[in-house]
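Below is one structure, written out as structure tokens; comments come after it.
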Protein chains: 2
Amino acid sequence: MATKGMQTATAGTDPELACPIGPVVDIVFSRWTTPILWSLHTHGRQRFVELERGIARITPKVLTQRLRQLERDGLVVRTYHPEVPPRVEYEISELGRSLAPLFAHLAEWATDNLDKVEQSRHDYDADSA
Amino acid sequence: MATKGMQTATAGTDPELACPIGPVVDIVFSRWTTPILWSLHTHGRQRFVELERGIARITPKVLTQRLRQLERDGLVVRTYHPEVPPRVEYEISELGRSLAPLFAHLAEWATDNLDKVEQSRHDYDADSA
DNA sequence: CAGTATCCGGCCGGATACTG
DNA sequence: CAGTATCCGGCCGGATACTG
């Protein structure tokens with residue numbers, strides 16, 4: 001959703017900009033970022049392998065990619081300890097921690113409404129058949 | 001992120017299930033769903049073309065797909081008026097409206113913290129070079 | 001341990017054209 | 001108007017193997 005060319009000469013405002021949460025969705029809710037942030041938030045500082053084991057089915061390559069992105073966005077702090085064997089620790093940053101109420105809010109919505117979504121899907125599929 | 005096989009015989013709880021917001025993210029924050037819900041929420045009931053015009057760069061095929069998904073999940077209500085030419089109207093459902101505080105929360109986080117993310121990216125890129 | 005390198009398949013979204 | 005049909009390219013993530 002990287003929006004290029006926002007300053008085109010089209011009349012009026014870019015309609016996509018009318019949705020003010022687009023950028024934040026890309027940052028916080030791209031694939032794997034929520035499980036990573038959640039794990040870091042609830043279990044505290046963790047090493048690479050710990051994260052790898054804690055998050056089912058993620059591959060090291062993808063975990064690295066996501067962690068780099070999160071680090072670049074300032075949501076996660078990476079600490080490298082030059083030992084043998086090397087030790088790297090990841091922890092959630094202040095900025096990342098500021099997402100906690102949002103996540104709680106999301107979790108609350110889930111517990112309140114996920115079954116309604118499930119029900120709706122069931123009904124919809126029944127009607128289609 | 002469709003999690004199959006949650007009831008496998010692996011010892012302990014599936015670690016990915018430890019993140020309780022995974023399913024909700026798939027429902028609410030998959031591509032194009034936020035602009036669609038946002039538009040429906042702020043501009044009220046809209047016809048297909050109105051949505052198509054209001055959301056920049058979305059194609060009719062993709063808009064249809066997303067609207068169907070949203071309808072199936074119970075977040076959007078579709079009303080078909082059998083006229084000539086046909087008229088179809090989409091509006092946000094009760095369930096969809098229940099996301100409003102969440103979206104407001106997200107928008108608030110964005111205004112408060114998006115510049116920090118931007119700054120962090122800038123710093124990160126500067127260090128890499 | 002904490003990654004990187006390489007290859008590869010699938011899927012999703014975009015473009016285009018067409019229809020009841 | 002409100003879609004559907006078809007084709008197609010790119011990208012992302014998964015699998016696998018290897019390294020300082």
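Protein chains get the first letters and strands the later ones, always in sequence-line order, with residue 1 at the start of each. Any value given below was found using the heavy atoms of this structure, including those in side chains, with hydrogens, waters and symmetry copies removed.
- Rounded to whole Å, the distance from CD1 on A/I58 to C1' on C/dG3 is 13 Å.
- Contact of the B/L95 side chain with the A/S120 side chain is not registered, since no non-hydrogen atoms from C-beta on lie closer than 4.5 Å.
- As a whole-Å value, the separation of A/H81 NE2 from D/dG20 C1' is 18 Å.
- C/dA15 atom P lies 14 Å from atom CG of B/L63, rounded to whole Å.
- Residue B/R31 places no side-chain N or O under 4.0 Å from the OP1 or OP2 atom of C/dC11.
- The interatomic distance linking B/K61 (NZ) with D/dC7 (P) rounds to 12 Å, in whole Å.
- Partner B/L75 forms a side chain to side chain contact (heavy atoms under 4.5 Å, CB included) with one of B/I27, B/I92, B/L40 and no other, that one being B/I27.
- Listed pair A/R47 / C/dA2 meets the phosphate criterion, a side-chain N or O lying under 4.0 Å from OP1 or OP2.
- For the pair B/V62 and A/F48, both in contact range of DNA chain C, the more 5′-proximal nearest nucleotide belongs to A/F48.
- Rounded to whole angstrom, the span from the CG atom of A/L67 across to the C1' atom of C/dT4 amounts to 15 Å.
- Of the residues near DNA chain D, A/P60 and A/P86, the one whose nearest nucleotide (by heavy atom distance) lies more toward the 5' end is A/P60.
- Distances shown here put every side-chain N or O of B/R87 at or beyond 4.0 Å from the OP1 or OP2 atom of D/dG3.
- Under the Watson-Crick or G-U wobble criterion, with both distances below 3.5 Å, D/dG3 is paired with C/dC18.
- For B/Y90 and D/dC1, the shortest distance from a side-chain N or O to OP1 or OP2 is not below 4.0 Å.
- A/L67 pairs in a side chain to side chain contact (heavy atoms under 4.5 Å, CB included) with only one of the listed residues (A/I36, A/V88, A/T33, A/V62), which is A/I36.
- Classified by interplanar angle (parallel below 30°, tilted 30° to 60°, perpendicular above 60°), the ring pair B/Y90/B/F48 is tilted.
- Across C/dA2, D/dC1, D/dG3, the shortest atom-to-atom separation from the side chain of B/V88 is found for D/dG3.
- Rounding to whole angstrom units, CD of residue B/Q65 and P of C/dC11 are separated by 14 Å.
- In this model, the phosphate group of C/dC12 is not approached by any side-chain N or O of B/R66 to a distance below 4.0 Å at OP1 or OP2.
- Using cut-offs of 30° and 60° for the angle between ring planes, the A/H105 and B/H105 rings count as tilted.
- Proximity of B/R68 to the phosphate of D/dG3: a side-chain N or O atom is located under 4.0 Å from OP1 or OP2.
- With rounding to whole Å, A/E52 atom CD is found 12 Å from D/dA15 atom P.
- Regarding A/E50, its CD atom lies at a distance of 11 Å from the C1' atom of C/dC1, rounded to whole Å.
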